[in-house]
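Computed from a prediction, not measured in an experiment: that's the story for all the values here. We number each residue from 1, following the sequence as shown. Side chains included, hydrogens not; waters and symmetry mates left out as well; all remaining heavy atoms used. Order of listing sets the numbers, starting from 1, for every ligand and every atom in it.
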Amino acid sequence: MTARILVVDDVETNLRLLEARLTAEYFDVITAQDGATALELCARAQCDIVLLDVVMPGLDGFEVCRRLKADPKTHHIPVIIITALDHPSDRVRGLEAGADDFLTKPVADVALLARVRSLARLKMLGDELRLRAQTTRDIGMSDALADAIADTGDGGRVLLVDDRESSYERIRAALSGCQTVEVETEPHEALFRAAEEDFDVLVVSLSLEGFDALRLCAQIRSLERTRTLPVVLVADPDDNVRVIRGLDVGVNDYLMRPIDPNELIARVRTQVRRRRYTERLRNNFQISMELAVTDDLTGLHNRRYMEMHLQALFDQAAARGRTLSALVVDIDFFKGVNDRYGHDAGDEVLREFSRRLKASVRGIDLAVRLGGEEFVVIMPETDAAVARLVAERIRAKVAAKPFSLGLGRGAIDVTVSVGVATYLSGGDDGAALLKRADVALYRAKSDGRNRVVADAA
Ligand code: GH3
Ligand code: MG
């Protein structure tokens with residue numbers, strides 16, 4: 001998938017120049033000649049990255065950037081500010097407006113493409129996470145965005161990998177006002193610590209003695225634990241070629257020596273904010289996924305999860321020419337437990353039953369609480385005879401030992417009835433299988449309960 005870049009400049013020739021260079025690299029390019037148009041295009045989700053000129057009539061680049069970053073709809077779009085004014089204070093203004101990066105006119109091809117590529121990669125990762133969060137109807141989503149917008153990027157934990165004392169002392173001094181900085185002079189140790197500890201950003205000196213800093217960066221990118229950890233390079237001005245290679249291996253940002261403390265602060269802040277934003281999305285996604293597929297009371301899978309996965313299990317069984325069985329398990333006279341001992345006691349019985357159920361099935365079996373006191377077990381690669389045995393094992397495990405009601409309320413005898421059905425190749429589907437198991441369960445109930453009945457088919 002190619003990224004779509006919005007180029008914003010009031011001077012037509014500048015627009016065409018950048019458009020031509022980006023199009024030649026197969027980026028999709030759209031243009032705007034003023035800030036208001038740019039904001040509108042972004043709000044309509046028309047682009048992946050914005051290249052923004054600073055000096056424009058009306059809204060200038062800083063203001064456009066500030067507005068993009070303040071709006072939850074456009075907050076996540078990476079912005080590169082392009083300026084002709086080679087003043088360090090201007091770069092810092094851009095970064096403080098929330099820009100993800102800046103380039104100075106005339107824009108060098110390599111720098112332009114390296115930056116655009118690395119931001120495009122990051123944007124796509126972020127998009128994927130946001131999409132997944134939306135798919136699971138994540139309720140915490142808007143909180144994550146609000147937090148991200150309010151986040152100043154201060155108070156992060158920085159691991160500084162640098163073996164020259166004069167250099168790391170300068171960097172530490174610049175950052176220590178707003179971040180917690182730990183220095184690591186040993187690159188191997190740095191990799192280990194990055195994986196084991198909880199850092200927000202890695203700042204790496206490109207000129208390490210006797211070790212290729214780019215190797216460290218590549219290792220950071222390849223380890224599962226550190227893949228998404230932001231890396232900022234600090235380079236000497238004559239090291240441009242290696243900086244470009246660094247961006248190619250996935251370094252997020254760089255600074256040239258002599259270090260401008262304000263620029264360093266702003267760049268690290270940007271990475272800390274970005275890191276926290278992605279982490280929040282990731283956590284939200286995990287929590288909402290778990291909530292979406294788990295039953296609160298018992299920790300078993302829920303009906304929704306079963307409905308999502310039953311078809312896949314069927315397809316797999318059909319493709320491999322294997323069989324598959326389903327059990328429907330229902331607690332006998334459960335209403336009586338609630339009536340006699342209270343709802344809490346009933347809940348405790350459901351929990352204890354779930355533990356016994358789980359202990360009676362294999363890891364690959366899908367144990368589900370359908371709702372109420374009705375449970376389903378889907379067992380891949382299990383024929384009718386084995387399914388019956390498992391059902392009988394569950395029944396016996398429940399009947400063998402009284403259930404504690406908790407809180408010194410004593411214990412009671414509980415029994416279950418089980419209906420069993422096995423997949424017949426051709427014609428059957430998940431709903432039909434469960435229906436047959438249900439009919440068998442009904443017979444187990446009417447035949448006197450505390451028993452297993454297999455579907456006759
Ligand atoms: P049978 O042997 O025919 O299955 O009788 P039963 O009493 O188990 O079946 P019935 O469907 O009449 O009652 C089910 C009861 O389960 C009714 C409902 O109050 C109770 N129940 C459903 N969900 C929960 C729950 O989450 N916690 C508790 N404590 N009770 C629940
Ligand atoms: Mg029941």
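- Counting atoms of ligand 1 from 1 in the listed order, those under 4.0 Å from a heavy atom of G346 are 29 (N).
- Between Y277 and H75, the distance separating the two ring centers is shorter than 6.0 angstrom.
- Contact atoms of ligand 1 toward D330: 4 (O) (distance under 4.0 Å to a heavy atom of the residue).
- Using a cutoff of 4.0 Å between basic side-chain nitrogens and carboxylate oxygens, R351 and E348 are scored as salt-bridged.
- The closest non-hydrogen atom to atom 17 (C) of ligand 1, taken over R449, K335, E348, comes from K335.
- In the vicinity of N338, heavy-atom distances shorter than 4.0 Å reach the ligand 1 atoms 19 (O), 20 (C), 21 (N), 28 (C), 29 (N), 30 (N), 31 (C).
- Below 3.5 Å of separation, one finds an N or O of I331 facing an N or O of ligand 1.
- Summarising the contacts of atom 24 (C) of ligand 1 with E374, R369, E373, the nearest heavy atom is found in R369.
- A donor atom on one side chain and an acceptor atom on the other are found under 3.5 Å apart for T382 and R362.
- Here the heavy atom of the protein found nearest to atom 27 (N) of ligand 1 is D347 OD1, 2.7 Å.
- Between E96 and R66 there is no salt bridge, since no side-chain nitrogen of the basic residue lies less than 4.0 Å from a carboxylate oxygen of the acidic one.
- Proximity of atom 10 (P) of ligand 1 to the protein is not indicated, since no non-hydrogen protein atom lies closer than 4.0 angstrom.
- Cation-pi geometry between R356 and F403 is met: under 6.0 angstrom from the ring centre, within 45 degrees of the axis.
- A salt bridge does not link D71 with R67: every distance from a Lys NZ or Arg NE/NH1/NH2 to an Asp or Glu carboxylate oxygen is 4.0 Å or more.
- Residue-to-ligand polar distances keep L297 apart from ligand 1: every N/O pair is separated by 3.5 Å or more.
- Counting only non-hydrogen atoms, the option in G372, A345, G371 that gets closest to atom 23 (N) of ligand 1 is G372.
- Here L350 has side-chain heavy atoms under 4.0 Å from ligand 1, and that is the only part of it that gets that close.
- Remark: R355 CZ is packed, more than 12 non-hydrogen atoms of other residues, nucleotides or ligands lying under 6.0 Å away.
- From the protein, the heavy atom lying nearest to atom 1 (P) of ligand 1 is K445 NZ, 3.3 Å.
- Rounded to the nearest 10 degrees, the angle O (I331) to the Mg ion (ligand 2) to OD1 (D330) equals 80°.
- Between V158 and T180 there is no side-chain heavy-atom pair separated by less than 4.5 Å.
- Closest to atom 5 (O) of ligand 1, if we only count protein heavy atoms, is F333 N, 3.5 Å.
- Note: an N/O pair closer than 3.5 Å links F334 and ligand 1 by distance alone.
- Taking a cutoff of 4.0 Å between a charged side-chain nitrogen and a carboxylate oxygen, R395 and E392 qualify as a salt bridge.
- More than 12 heavy atoms of other residues, nucleotides or ligands lie within 6.0 Å of NZ in K445, so this atom counts as buried by the packing criterion.
- The minimum distance between the Mg ion (ligand 2) and any N, O or S atom of E373 involves atom OE1.
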